[in-house]
Number of protein chains: 4
Amino acid sequence: SRGKILCIDDLRQAAVEKIPKMALDYYRSGADEQITLRENHLAFQRLRLRPRFMVDVSVRNLESEILGSRVNLPIGIAPTALQKMAHPEGECASARAAQAMGTVFVLSTIATSSVEQVAAAAPDCIKWLQLYIYKDRKVTVDLLKRAENAGFKAVAVTVDAPYFGQRLADVRNQFSLPNHLRMENFAKYGATSSATKGANQSAGGSGINEYVASLFDQTLTWQDLAWLKRATKLPVIVKGVLTGEDALLALDYGADAIWVSNHGARQLDTVSATIEVLPEVVEAVKGRCDVFMDGGVEKGTDVLKALALGAKMVFVGRPILWGLAHDGFDGVHTALKILRKELDLAMALSGCTSVSSIPTTLVSRETDRGKL
Amino acid sequence: SRGKILCIDDLRQAAVEKIPKMALDYYRSGADEQITLRENHLAFQRLRLRPRFMVDVSVRNLESEILGSRVNLPIGIAPTALQKMAHPEGECASARAAQAMGTVFVLSTIATSSVEQVAAAAPDCIKWLQLYIYKDRKVTVDLLKRAENAGFKAVAVTVDAPYFGQRLADVRNQFSLPNHLRMENFAKYGATSSATKGANQSAGGSGINEYVASLFDQTLTWQDLAWLKRATKLPVIVKGVLTGEDALLALDYGADAIWVSNHGARQLDTVSATIEVLPEVVEAVKGRCDVFMDGGVEKGTDVLKALALGAKMVFVGRPILWGLAHDGFDGVHTALKILRKELDLAMALSGCTSVSSIPTTLVSRETDRGKL
Amino acid sequence: SRGKILCIDDLRQAAVEKIPKMALDYYRSGADEQITLRENHLAFQRLRLRPRFMVDVSVRNLESEILGSRVNLPIGIAPTALQKMAHPEGECASARAAQAMGTVFVLSTIATSSVEQVAAAAPDCIKWLQLYIYKDRKVTVDLLKRAENAGFKAVAVTVDAPYFGQRLADVRNQFSLPNHLRMENFAKYGATSSATKGANQSAGGSGINEYVASLFDQTLTWQDLAWLKRATKLPVIVKGVLTGEDALLALDYGADAIWVSNHGARQLDTVSATIEVLPEVVEAVKGRCDVFMDGGVEKGTDVLKALALGAKMVFVGRPILWGLAHDGFDGVHTALKILRKELDLAMALSGCTSVSSIPTTLVSRETDRGKL
Amino acid sequence: SRGKILCIDDLRQAAVEKIPKMALDYYRSGADEQITLRENHLAFQRLRLRPRFMVDVSVRNLESEILGSRVNLPIGIAPTALQKMAHPEGECASARAAQAMGTVFVLSTIATSSVEQVAAAAPDCIKWLQLYIYKDRKVTVDLLKRAENAGFKAVAVTVDAPYFGQRLADVRNQFSLPNHLRMENFAKYGATSSATKGANQSAGGSGINEYVASLFDQTLTWQDLAWLKRATKLPVIVKGVLTGEDALLALDYGADAIWVSNHGARQLDTVSATIEVLPEVVEAVKGRCDVFMDGGVEKGTDVLKALALGAKMVFVGRPILWGLAHDGFDGVHTALKILRKELDLAMALSGCTSVSSIPTTLVSRETDRGKL
Ligand SMILES: Cc1cc2nc3c(=O)[nH]c(=O)nc-3n(C[C@H](O)[C@H](O)[C@H](O)COP(=O)(O)O)c2cc1C
Ligand SMILES: Cc1cc2nc3c(=O)[nH]c(=O)nc-3n(C[C@H](O)[C@H](O)[C@H](O)COP(=O)(O)O)c2cc1C
Ligand SMILES: Cc1cc2nc3c(=O)[nH]c(=O)nc-3n(C[C@H](O)[C@H](O)[C@H](O)COP(=O)(O)O)c2cc1C
Ligand SMILES: Cc1cc2nc3c(=O)[nH]c(=O)nc-3n(C[C@H](O)[C@H](O)[C@H](O)COP(=O)(O)O)c2cc1C
């Protein structure tokens, strides 16, 4: 241990020492050779900042308005499944930390806490539901309604996961959901229901992948986005977009926002780092809706770069899991406080006084610079 | 050992533990400093995929029509010499695995099983003959006729090997064909014939290189391709093309297909990775014939990239040898099943439903992206 | 130890063995992940020299005229705080070495020796004052007047540090100024004054960062540069510029010279290496004033490249600290002699006979060359 | 030891085990941080070959006509000083090996064998004299005349060494010429003469550098090239050119050939790899004279690339020293035979049948390819 927790990497170290290898591997793995996993991080490091000085930075405003909600900082909690493997309080602890910081918490469809449990634990938190559309559409519609009733403010439909990617460590570990945990959103269907079976069984592979293959709907097309828009009154965010083409299609079929993501590099290996496709998507969208992004965000400067390149808000997945594993609510709170402090300082040191006024010229790409 | 065999790299590890160093070195080596050997692999890793979503991917069609044959997957077995060093069943086991998967098996001229033996072992397999043209043209014509009679469906004439490249480990090992093995296609000529002598003798160097230098025809020109076209009724594929210029010449002299290959990086070190020259060849050919490729293919995403950049089919050399060394027929079968499964998943996760409809825009090159 | 001190890297090694970890870490650290720290150095290594020959290089002239002073070599001492942690004679030893070499010494506002002490120790040295503007402007004006009276020749106002960057090692070490040392420029205000308090106290973080946050003026704008120009009769250099835009603003508000610097990579991580932004600033300034630079300079060829790309003079921070830690005045003297000798030889070996006649074409960038 | 000597790298290993560290370091070192030393090699590795096939390569012609002499292979021996430190027979052994291979041997001015001794040892070798112009022009003119009388065929005047670069290991070793060795070209002046003194003495630095500084003429300009042309009837090659500008000046002042070289990366660190500046020089010269090159050549493919990019002949320095250290005449012979064999094979495997017909298109640069 390195002692005091100063940065997200410290939290990761702390988490590594605390949780069992099966859970750790499930959280940290990327697909296949993990090239995109490394790239998500390295691509941020390759971008250069062009700070401006002699600006009054004594006060920084980190607030913004996101899909009708006021958020205190432009860093939300991405949906990650099965948070109770990290800490008994799981998603509820994470949501409470988001509430404490005044930011968004996104609950996974396949969470180990239900929409109702999270709503009860963090009533004032801005909550969104991440949606996987099941073959059984009634299951999906029911979940949407429950989320609406529980006060969730938006739905992020994940489009990049008709199947789950191959994460080698999970297969080697024969990963399965620990027996004492359930996918709580489907608990009402009982242990034998098709909506819950499978995740903790496995024919020698990764239980979760078999679950996904059997229950998620692989026939989805953009028409189903139109269906989803009709099925809920909440704004719909399309999560997982990696091309300008898909961003435009999403808009055509009614998306209220686009979320650039490669699912934490867990789906198709060798897709681009998200920060590298963000500009393409932002350019395609041309301001017609908000663009969010996640993937590899670990430092305040990462957030600053994403905002400069056009993201309205960024989300973090694993940093939250490391915080949760380290110390439950307090650990997640620490993760968010670290990122907030780093972003705040990065803004002060680059002449930015509000998140809405960060100029594109703050970031220089290698091609702009001419490579020395 | 890593336990379960999940990917080609696991097969390689398994093979390393099973076969003698001399055979292992013969199989794994590239020429000289092995720069191209590394590049064949790294160049795939540098390419980025641009997956598309919200496409009905519940069914994927991996079939295609290749030179008149229906193949179940666009991944064939490249010709590699001396497979019995890996396993007693050698080429016959490999061909049976290709048959089981419904794909192409290409038999090397200098195989340790004859065209007749392979045909007998795998009668329903789509078999092609890889051809080295010998100084003694009668030897070559005879082999062609026997292949035709044995039901082979095409000839892939290798143009990149007037001599063999220098593979340092083979010279250090004084590599020679083990005494109990023969180049079966020439067994009829007897052990003292010029068509067989040499490979298992060596004046302190690599026996196989001396064999090649003494028997292969170094005077070949494109006119000899025209001769070959007349000498056989089978379609002729030109294997080893690395430039657009040569692709056009091959077409001019009657080639039915072009096979981009650098001979598994075993000939001239520092030639480009094959995936990096594929676009140049595809552009030159302009659809006048099918283009195949091999070199460094190890993952489903590698296959997907090659197909997106214009290859009609890819071939794998060493992955098959690792499977064969690991477990004979079953090992080769495993290798092909792994690649099929990975390709299938990569297609599902990138919005591709058939191998014939993979768009070029699925791959982004660094220059297209603008280097961040 | 490597024995004889031949290059700056030898001095660093020697220093590492001599001073306590807390001081060492304070000196060597960069902000956060230290990406810019490495880049400052690597960016020099990436530049290529294009030497010219058959020029009479028997005599090299390293002199130049800098803001009205004749300097013997175009390598000055950058302001670095708290030099007495390296050696009891601290800033006075450094200034005496600059004097011995006939170059500029820049005293930090937060030095452990006062303007008067340094002036007394090195009366003939060309001394500049580095200025941090305090919230309490009287403190600042008083320091300016004292510097003028003590014979200082210019003021370099640092614009990149409204707060200090996060240097992780300092926080882990709970860095604070050793008890026997003081910020001598503010000694007259007494230990309880707001201008001195804090640096050696810390609420678990880095004492110096808290000092900065509480005393430095974060509201500064370019108007305050105009104020500074009125507040002193000395020429004013703006230190910390990293964009062409800011260089032009500095000129508009009265700057007499621009100093390209990223504060030794200690402020905002992932800003560009200074040698990579120098051309942009030089181009913006278009000769309207002198441009200086610092950051990562360790070799004679680094200096040569900076001069070729338009810097009138370069400054070194850490190399001086390593010299000081190694052997006080003699160590700093050695550092400057090494750099002078290396620059002199680099000029001789590239056909440059005077620092004012180094052509831009001496340096080739990757883009000019076409990347082979 | 790796056993059999198969490549230049094997020779280097063998040499490392045989000669004392002081000599080894003198031979292998590059200037300062040795960035260019590594680049000389790496730049070759970055270039890609575009081999052509179906060319009759049964016979390869490696001969060419160089400054009026017929050479059997386009790989000559670069001048390297003090070869007797590697082997008692020193330069005479090297020249005999060049003679045996039918290629050029270039004798250093500061060799440990005289022009007469080398001429006697290798009467049929094509010998050139490498010239350092001394302050004492009589010494130089005398050496020129003796070389002419001894049958030398050309003079290569080295322009990149008014002083010697700083090679750190030599300074740390306090390198000096072993007592039993002399710079034989100046033996007639006696041990106390200014033309010999100094090399084996040192005031704590590198003896050879002090020798150079005191005796070589640092005032040389292009006018002195005109003088040299008048002073000898031999063709004059200008060795050490690294820019198109200097190549043109050399031609203007009478150069008969240009030799692109960075002195084995021993002079100014961070100059470009020679293979990267070769195209610029070839383009400037536009065929008005032959262009030679050296620096980092270790493989047959390196030679092929240099010839493709416009060099008429390449030279090797260290590979010869490793051969010499390993086994005197036989070792040098081995080095040349390895390079010849590798070049010969590389030509056969890329469709080149004579050194004069290697097309520029054989090499692809990263920019041509578009970086995948
Ligand atoms: C362990 C884990 C579980 C995840 N589960 C989900 C999920 O259930 N639904 C979803 O849309 N994304 C899921 N994601 C992707 C995240 O929402 C997010 O895109 C990703 O974690 C961001 O990258 P980062 O982890 O580098 O911050 C998961 C990611 C991880 C690491
Ligand atoms: C051990 C070995 C033997 C080979 N023998 C032949 C051969 O006899 N004829 C031929 O045309 N190519 C031969 N090749 C080249 C392969 O056909 C193919 O081009 C190459 O293996 C593809 O690269 P990969 O091994 O990275 O998949 C051989 C390759 C290997 C590794
Ligand atoms: C230990 C340390 C203390 C510094 N203190 C100051 C300072 O007080 N004021 C200032 O303007 N810059 C300060 N700097 C930045 C230097 O002036 C200079 O920009 C930097 O050191 C140059 O980079 P180099 O260390 O790589 O040569 C400091 C740098 C270091 C390393
Ligand atoms: C030990 C050594 C001594 C050298 N001595 C001389 C010399 O006396 N004169 C000269 O012009 N070049 C000299 N050179 C440079 C060589 O002529 C040649 O440019 C260089 O060695 C080529 O690079 P390589 O060693 O990578 O083949 C020397 C190089 C070495 C390595």
Side-chain angles (χ1 to χ4, degrees), chain C residues 1-10 13 41-60 275 298-306 308 338-339 341-353 359 361-372, chain D residues 31-33 35-36 39 43-44 46-47 135 157-166 168 171-172 174 204-205 217-225 238 240-246 249-250 253 262-263 267-273 275-280 305 309 363 365-368 371:
Chain C
S1 162
R2 307 180 189 166
K4 211 164 175 262
I5 300 287
L6 299 181
C7 57
I8 297 300
D9 202 49
D10 290 345
Q13 289 296 333
H41 188 55
L42 292 174
F44 274 116
Q45 297 195 336
R46 285 196 295 263
L47 291 176
R48 295 285 161 262
L49 287 169
R50 300 177 69 253
R52 303 294 303 275
F53 301 113
M54 294 301 258
V55 172
D56 176 349
V57 292
S58 56
V59 179
R60 280 84 55 198
I275 192 67
E298 284 189 30
K299 304 291 304 173
T301 45
D302 297 343
V303 182
L304 192 61
K305 287 166 185 175
I338 285 172
L339 288 169
K341 195 177 151 200
E342 286 184 357
L343 171 61
D344 184 56
L345 182 58
M347 287 173 63
L349 295 183
S350 61
C352 299
T353 54
T361 52
L362 192 68
V363 170
S364 97
R365 309 200 203 174
E366 259 185 33
T367 39
D368 301 341
R369 278 177 276 154
K371 200 170 156 78
L372 276 173
Chain D
D32 284 313
E33 297 179 288
I35 289 167
T36 296
E39 273 293 294
F44 275 115
R46 285 196 294 264
L47 290 176
K135 287 173 185 160
V157 59
T158 299
V159 298
D160 60 11
Y163 300 91
F164 269 6
Q166 171 167 261
L168 291 168
V171 187
R172 292 197 207 284
Q174 295 188 234
D217 187 348
Q218 286 86 27
T219 70
L220 295 180
T221 67
W222 290 111
Q223 308 288 352
D224 296 286
L225 177 60
V238 176
V241 169
L242 286 175
T243 58
E245 296 94 311
D246 272 355
L249 283 167
Y253 285 86
N262 54 30
H263 211 113
Q267 290 294 98
L268 184 62
D269 198 20
T270 73
V271 301
S272 296
I275 192 66
E276 292 206 338
V277 296
L278 178 63
E280 169 182 334
K305 288 167 185 174
L309 292 175
V363 170
R365 311 200 201 174
E366 258 185 33
T367 39
D368 301 342
K371 201 171 156 67

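Order of the sequence lines sets the chain letters (A, B, ...), proteins ahead of strands, with each chain counted from 1.
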Margin query: Heavy-atom cut-off 4.5 Å, strictly under: side chain, backbone, both or neither for D/E280 against chain C?
Written below: side chain
Margin query: Can you tell me how far apart CZ (C/R48) and CD (D/E276) are? Round to the nearest 0.5 Å.
Written below: 7.5 Å
Note to self: Testing the basics here: between D/T243 and C/P51, what is the closest heavy-atom pair and its distance to 0.1 Å?
What the structure shows: CG2-O, 3.7 Å
Checklist line | Partner chain D: residue of C/Q45, C/K305, C/M54, C/E342 with the largest heavy-atom pair count (under 4.5 Å) | finding: C/M54
Checklist line | Nearest-0.5 Å distance that lies between atom CD1 in D/I35 and atom OG1 in C/T301 | finding: 7.0 Å
Next item on the list: Please report the shortest heavy-atom distance between C/L349 and D/G165, naming the atom on each side.
Entry: CD1-CA, 3.9 Å
Check: Is there a side-chain contact between D/Q166 and C/L345 (heavy atoms, below 4.5 Å)?
Finding: yes
Next item on the list: Could you tell me which portion of D/Y253 (side chain, backbone, both or neither) has an atom closer than 4.5 angstrom to a non-hydrogen atom of chain C?
Entry: neither
Margin query: Ignoring hydrogens, what is the shortest heavy-atom contact between C/C7 and D/R172? Give both atom names and the distance.
Written below: SG-NH2, 4.4 Å
Notebook entry, point to check: Just how far is it from atom CG of D/L225 to atom CZ of C/F53, taken to the nearest 0.5 Å?
Noted result: 14.5 Å
Next item on the list: Could you grab the distance from atom NE2 of C/H41 to atom CD of D/E33, nearest 0.5 Å is fine?
Entry: 4.5 Å
Check: Of all residues at least two apart in sequence or in a different chain, which pass the salt bridge (charged side-chain N to carboxylate O under 4.0 Å, His left out) check with D/D32?
Finding: C/K299
Note to self: Among residues at least two apart in sequence or on other chains, which ones pass side chain to side chain contact (heavy atoms under 4.5 Å, CB included) with C/A348?
What the structure shows: C/V57, C/R60, D/Y163
Check: Rounded to the nearest 0.5 Å, what separation is found between the CZ atom of C/R52 and the CG atom of D/L242?
Finding: 11.0 Å
Notebook entry, point to check: For the atom pair CG (D/L268) and CZ (C/R50), what is the distance rounded to the nearest 0.5 Å?
Noted result: 13.0 Å
Item checked: Top of D/D246, D/T221, D/D160 for chain C proximity - count of heavy-atom pairs under 4.5 angstrom -> D/D246
